[in-house]
Amino acid sequence: MLDMALRNVFRQKARTALTVLGVMIGIAAVVALGSLSEGLRVQITKNLEQASGIVTVTEKSDQGLFVGMTSSELSQETVDEIMSIDGVRDATPVVYEVGYLDDESLGFGQPTLFESGVNPEDIELFTTEGAILDEGEVLEEGDTDYAMIGYTISEDLDLEVGDIVTVEERDFIIKGVYEEFGDPGLDSGIIIPIEIAQELFERDTYSAVIIYPEDLDEVETLANDIEDSIDGVSAFTTAEFAKQIQGIVDQIGFFTIGIAAISAIVGGLGVMNTMIMSVMERRREIGVLKAIGATNSYVLRMILIESAIISLIGGLIGLGIGYLGSNALSFLTGGQAEGIVTIRLAVYSLVFALFLGIVGGLYPANRASKLSPVEALKYE
Amino acid sequence: MNKVIIKTENLCKYYNKGQHNEVRAIDKVNIDINRGEFISIIGPSGSGKSTLLHMIGLLDRPTCGKIYFDGKDISNLSDNQITKIRREKVGFVFQQFNLIPLLTALENVELPMTINGHKEIDTKKKAEELLKKVGLGHRLNNRPPQLSGGEKQRVAIARALANDPEIILADEPTGNLDTKTGKEIINLLRRMDKKGFTLAIITHDQRIAKVAEKVINIKDGRIIKEGG
């Protein structure tokens with residue numbers, strides 16, 4: 001039956017090719033966009049692993065850490081209270097602002113500059129103890145005219161140690177440049193002494209306190225203790241943070257794949273249309289099949305196999321094109337949006353294509369199977 | 001095994017039943033077809049002979065009356081059960097040949113066996129034998145568009161024989177053929193008939209009717225004359 005179905009599929013080559021194209025475009029879009037959200041997920045998971053075991057405390061916010069941190073205002077007293085809680089090994093307050101580089105050539109709407117004010121002696125706490133200096137030195141107490149920059153900033157603005165970087169109209173001499181770290185907060189970051197940052201941004205409050213617990217297993221307990229004993233703060237752990245970001249990434253994923261899926265569904269309608277036409281044209285043949293003993297379910301299966309073949313071919317080609325498209329997108333965005341075609345994504349998109357073919361084929365297949373052989377044989 | 005292979009009792013096929021435009025395509029027909037018999041059904045166009053053939057070939061269901069196939073009342077059988085009986089016991093030959101254009105002669109003959117799904121049968125070998133038997137051993141891999149009308153009808157006959165049916169029903173098998181080829185086809189069918197199965201042919205051709213053992217003459221859905 002497979003052999004006959006294949007031959008039937010390629011009987012009307014142009015029509016089949018167009019139908020395959022319809023499915024292909026949809027599946028290619030699903031794969032390309034899906035790979036981008038997979039890429040985003042992998043990137044973020046990697047960053048989170050590097051920052052495990054940290055509690056970040058901000059002003060109470062129900063908007064999550066991301067939004068919360070940029071608008072958070074913690075007073076000196078609150079910061080002192082937080083840092084004196086039991087179970088804290090190390091803690092450091094930070095002032096945090098996001099900005100955009102003047103050069104907007106990168107094209108994406110995310111902040112391209114993260115300005116952080118940190119106590120020079122606590123810089124290693126801020127960089128989550130994992131960042132490596134590429135050149136220069138770490139800030140020291142009293143380095144009021146110095147700054148450290150991340151990899152992306154040094155590349156994009158072509159800066160090295162000894163050059164001048166300007167933040168809020170104040171010049172800083174670059175004292176150190178970090179190697180690529182994988183986290184935009186550091187890679188696209190400029191680190192200056194905290195009191196200078198407060199001066200520049202005209203504030204006497206802090207954005208957050210970064211806390212290292214004494215016992216890594218007690219991260220969640222510590223976070224709960226802080227929220228319970230101090231009014232007006234939110235304590236985020238990396239796990240929570242991960243959950244929130246995962247939620248955002250999932251939403252982005254659902255949204256983009258959803259849009260792509262709509263085009264794939266249109267492709268599925270194309271399969272349905274083609275199969276309806278095909279069944280109409282072959283009414284007489286279907287009548288003959290029934291006359292020589294094909295049951296309704298035989299005819300049903302035959303038409304379903306045909307539509308599955310069309311959609312699967314579309315799915316396979318779409319997967320290939322989507323893979324190329326995903327790489328092309330990575331290339332065009334200079335690696336900012338990196339697409340990863342996982343096995344899971346590949347399998348899901350093929351299953352989706354097959355699903356569309358079978359659902360699209362059900363109506364014509366059902367119609368074909370219910371044809372009365374006598375009526376069908378009369379058809380010229 | 002019953003002597004009578006097909007028996008109908010007050011068989012009828014009405015269209016638009018009970019309405020003002022009711023058509024009685026077949027009206028209260030009683031026939032017996034014996035095993036091994038060669039019968040011909042004759043009658044003018046629109047007399048209902050094709051409808052009768054379709055019903056006794058289990059391709060169409062009657063509106064009322066009963067059909068006994070090999071002694072078994074098939075009125076209450078499901079579509080699938082009827083399809084199975086048709087597949088295994090009935091072979092059809094049509095005026096329009098009705099071969100699948102996509103398939104070669106060999107594949108067309110194989111098709112009923114493939115559908116029947118008996119894995120132990122070497123369908124290819126059997127199809128080849130059948131095609132040789134109808135004189136088409138040299139045309140196995142040709143597709144219907146490459147065959148002449150007579151050749152197509154020979155393929156159709158081989159296909160009708162594929163599942164070793166008990167009865168062959170032919171609806172004007174010579175209608176699209178010239179006189180000489182038509183005669184050859186009828187001779188071929190009769191040669192097959194000698195092998196012990198039942199043959200029912202619808203025809204306009206009085207010469208065919210003459211050689212049949214029994215002639216059923218139909219007009220306006222009723223048998224007007226039955227005889228040898």
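By convention in this document, chain letters (A, B, ...) are assigned in the order of the sequence lines, proteins followed by strands, and residues within each chain are numbered from 1.
For chain A, no part of B:E88 is nearby; none of its heavy atoms comes within less than 4.5 Å. Heavy atoms closer than 4.5 Å to chain A are found nowhere in B:L58, neither backbone nor side chain. Both the backbone and the side chain of B:D60 come within less than 4.5 Å of a heavy atom in chain A. Residue A:S372: no heavy atom, backbone or side chain, is found under 4.5 Å from chain B. No part of B:R61 comes within reach of chain A, as not one of its non-hydrogen atoms sits under 4.5 angstrom from that chain.
Side-chain contact between A:R11 and B:P101: present, with at least one pair of heavy atoms (C-beta onward) separated by less than 4.5 Å. At a threshold of 4.5 Å between non-hydrogen side-chain atoms, the residues A:M4 and B:L111 count as touching.
The environment of B:K126 atom NZ is dense: over 12 non-hydrogen atoms of other residues, nucleotides or ligands sit within 6.0 angstrom. Taking a 6.0 Å sphere around OH of B:Y14, one finds it holds more than 12 heavy atoms contributed by other residues, nucleotides or ligands.
Looking at every heavy atom in both residues, B:R87 comes nearest to A:I292 through CG-O, 3.9 Å. In this structure, A:V288 and B:N98 approach most closely via the heavy-atom pair CG1-O, 3.2 Å.
Under the ring-ring contact (aromatic ring centres under 6.0 Å, His included) criterion, B:F92 pairs with B:F94, not counting sequence neighbours.
Listed for the B:R86 side chain is a donor-acceptor partner under 3.5 Å among the backbone atoms of A:K290.
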